[in-house]
Amino acid sequence: MSLSLPSSSAAAAAASTSGSSSSPAAASSSSTTTSWFSGIVRGRGDKSGTAKLSKSSSMAGGGSGSGDYGGPIKGKNQFRGVLFKYGPKSIQVAFKTGEYKQQVIFIGGLTDGLLATDYLEPLAIALDKEKWSLVQLLMSSSYSGFGTSSLKQDAQEIDQLINHLINKENSEGVVLLGHSTGCQDIVYYMGTNAACSRAVRAAILQAPVSDREYKATLPETPAMIDLAANMIKEGRGEELMPREADPCAPISAYRYHSLCAYMGDDDMFSSDLSDDQLKTRLGHMANTPCQVIFSMGDEYVPDYVDKKALVNRLSKAMGGAEKVEIEHGNHSLSNRVHEAVQAIIGFVKREGPSGWDDPWS
C-alpha cells in the first residue's frame with residue numbers, strides 16, 4: 001500500500017494540541033494479573049492456560065485509579081509518566097506515558113535521547129486516546145554514545161526493554177517506531193530472532209536513510225574510511241578515530257566503518273545497493289507488518305537520490321511494506337508533525353491488534 005500525505009495546515013493545530021491536556025486514561029485495569037507473554041518468556045511452559053489476545057483484552061491500567069490523570073502531556077516539553085530502569089547499566093532507563101498493556105517503543109537515531117522529535121508530544125496524546133503507551137528508551141548508544149556502540153549492542157538492549165515490559169508490566173505486545181538510525185536498529189533486531197522479538201506486532205521506519213551516502217558528501221570521509229579499515233585490519237577496531245572523523249562524539253574505527261563504508265553493518269538503505277542486496281538486508285522484515293515513512297525533503301538524503309524510487313525499492317525489499325511519502329517533510333518531520341502522527345496512528349490502529357491471538361505459533 002502507498003499513501004501520500006501532502007503538507008497540511010493542521011500541523012499548527014497539532015502543535016497547539018501538544019501543549020494542552022488530553023482525555024484522561026481509562027481507570028479500568030485488566031483482571032489478568034500476569035501477561036501470558038510473561039510465562040512463555042520466563043519458562044516457555046504450558047500454554048494451555050494462556051489467555052488469547054484481542055482488542056477486548058487490551059485493557060488500560062489507569063495508573064493509581066485516583067482519577068486525577070490529566071493526560072500524557074502537561075505542557076510544552078513536559079510529559080507525564082513513569083521513569084524506570086530496564087537493564088543493569090545506568091543509562092538503561094526508559095520513560096513511559098500511560099499505563100496500558102500495549103506500547104509503542106520509540107527508538108531514536110544518532111545523538112538522540114529523550115524527547116528526540118517534535119511529533120512525540122502529539123503522538124503521546126493520540127496513542128493515549130487509543131489506550132496505547134509511548135515508551136522512550138535510553139541505550140548505551142544514546143546521545144554521544146553511538147560512536148562506541150553497535151547495532152548488535154542496541155539490539156540486546158531493545159530486547160532487555162521488551163523483556164521488562166513483558167515480565168514486569170504484563171505487556172500484550174509492542175510496536176517498534178524507529179527514527180533515522182533507529183530504523184537500522186529495528187531491522188537488525190528483528191533479524192536476530194531474539195525471544196522477545198516475537199512480541200513485536202509491527203514496525204514503523206521513519207526516515208530510513210543512508211548514513212553512508214550522506215557521509216560521502218563530506219570531504220574528509222574517503223581518507224577516514226581508509227584509516228578505519230586499516231585499524232580494523234590491525235585488530236584495533238575498538239580504538240577511537242581522530243577527532244575530525246566525527247565532531248559530534250568519539251567514534252571507534254569499527255563504528256565509523258560500519259556507518260560510512262560500502263556494505264558496512266549500518267549500510268541498509270543506500271540507493272546504490274542492488275535489489276538483491278536490499279533484499280538480503282531487509283527481506284526478513286516481510287514477516288512483520290511494516291510501514292516506511294519517508295520525508296521527501298529529507299536534508300540527509302543527497303540531491304542525486306531519487307527518493308520516490310528509493311522508497312519503492314525499500315518497500316519491495318521488505319515484502320511490500322506500506323509506504324508513506326510526506327511531501328516537503330524534513331528528516332525529523334518537525335515541519336510536518338500532524339502528518340507524522342496521522343500516519344503512525346493510522347498504522348497502529350490497523351496493524352496493532354490484528355492477528356495477536358498466538359504470535360508464538
Side-chain angles (χ1 to χ4, degrees), residues 86-87 89 91-92 94 104-112 116 135-142 145-165 174-215 228 232 237-238 251-270 273 276-294 300 310 313-315 317-319 321:
Y86 66 90
K89 299 177 184 177
I91 190 65
Q92 286 183 285
V104 171
I105 299 174
F106 176 82
I107 304 167
L110 304 184
T111 74
D112 283 342
V135 178
Q136 303 173 59
L137 83 159
L138 294 181
M139 301 182 287
S140 298
S141 62
S142 297
F146 69 89
T148 53
S149 187
S150 65
L151 295 179
K152 180 179 180 180
Q153 183 168 313
D154 286 353
Q156 291 170 344
E157 296 184 14
I158 291 168
D159 198 61
Q160 286 177 291
L161 172 63
I162 299 175
N163 181 72
H164 174 94
L165 293 173
V174 303
V175 170
L176 300 181
L177 165 59
H179 163 65
S180 194
T181 309
C183 299
Q184 280 101 306
D185 281 332
I186 292 174
V187 171
Y188 187 96
Y189 175 67
M190 295 307 294
T192 64
N193 291 318
C196 293
S197 68
R198 301 187 188 185
V200 176
R201 297 289 135 261
I204 302 169
L205 309 183
Q206 188 265 306
V209 302
S210 170
D211 292 283
R212 172 171 66 84
E213 288 188 315
Y214 171 72
K215 285 285 192 178
I232 293 169
E238 298 307 312
I251 189 166
S252 69
Y254 161 75
R255 191 65 197 270
Y256 188 88
H257 191 270
S258 177
L259 288 165
C260 301
Y262 177 75
M263 290 296 284
D265 289 346
D266 281 86
D267 191 13
M268 298 181 185
F269 308 120
S270 296
L273 296 180
D276 286 343
Q277 288 172 321
L278 287 176
K279 188 172 182 179
T280 297
R281 301 223 148 182
L282 305 175
H284 62 278
M285 296 302 292
N287 299 320
T288 305
C290 193
Q291 180 188 60
V292 177
I293 303 177
F294 209 91
Y300 291 104
L310 177 58
R313 295 180 66 223
L314 295 178
S315 173
M318 288 186 278

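Residues take their numbers from the sequence shown, with the count starting at 1.
Across every non-hydrogen atom of Met285 and Cys290, the tightest pair is CE-SG, 4.2 Å. Taking both residues in full, the closest heavy atoms of Met139 and Asp185 are given as CE-OD2, 3.8 Å, listed atom of the first, atom of the second, then distance. Residues Ala228 and Tyr256 approach most closely at CB-CD2, 4.2 Å, considering heavy atoms. The nearest pair of heavy atoms linking Val135 to Ala94 is CG1-CB, 4.0 Å.
The pair Arg255-Asp266 meets the salt-bridge criterion, with a side-chain N (NZ, NE, NH1 or NH2) lying under 4.0 Å from an Asp/Glu carboxylate O.
Using bins of under 30°, 30° to 60° and over 60° for the plane-to-plane angle, the ring pair Tyr214/Tyr300 lands in the perpendicular bin.
With hydrogens and angles left out, the side-chain atoms of Glu157 and Ser140 include a donor and acceptor closer than 3.5 Å. Judged purely by distance below 3.5 Å, without hydrogens or angles, the side chains of Tyr188 and Asp154 never pair a donor atom with an acceptor atom. Judged by distance alone, the side chains of Tyr86 and Asn163 never bring a donor and an acceptor atom under 3.5 Å apart. With 3.5 Å as the limit, one finds no donor-acceptor pair spanning the side chains of Asp267 and Gln184.
Here the CZ-CG distance, from Phe269 to Leu310, works out to 9.5 Å after rounding to the nearest 0.5 Å. Here the OG atom belonging to Ser258 is positioned 13.0 Å from the NZ atom belonging to Lys152, to the nearest 0.5 angstrom. Atom CG of Leu110 sits about 6.0 Å away from atom CG of Leu259, to the nearest 0.5 Å.
Counting non-hydrogen atoms of neighbouring residues, nucleotides and ligands closer than 6.0 angstrom, the NZ atom of Lys89 exceeds 12 such neighbours.
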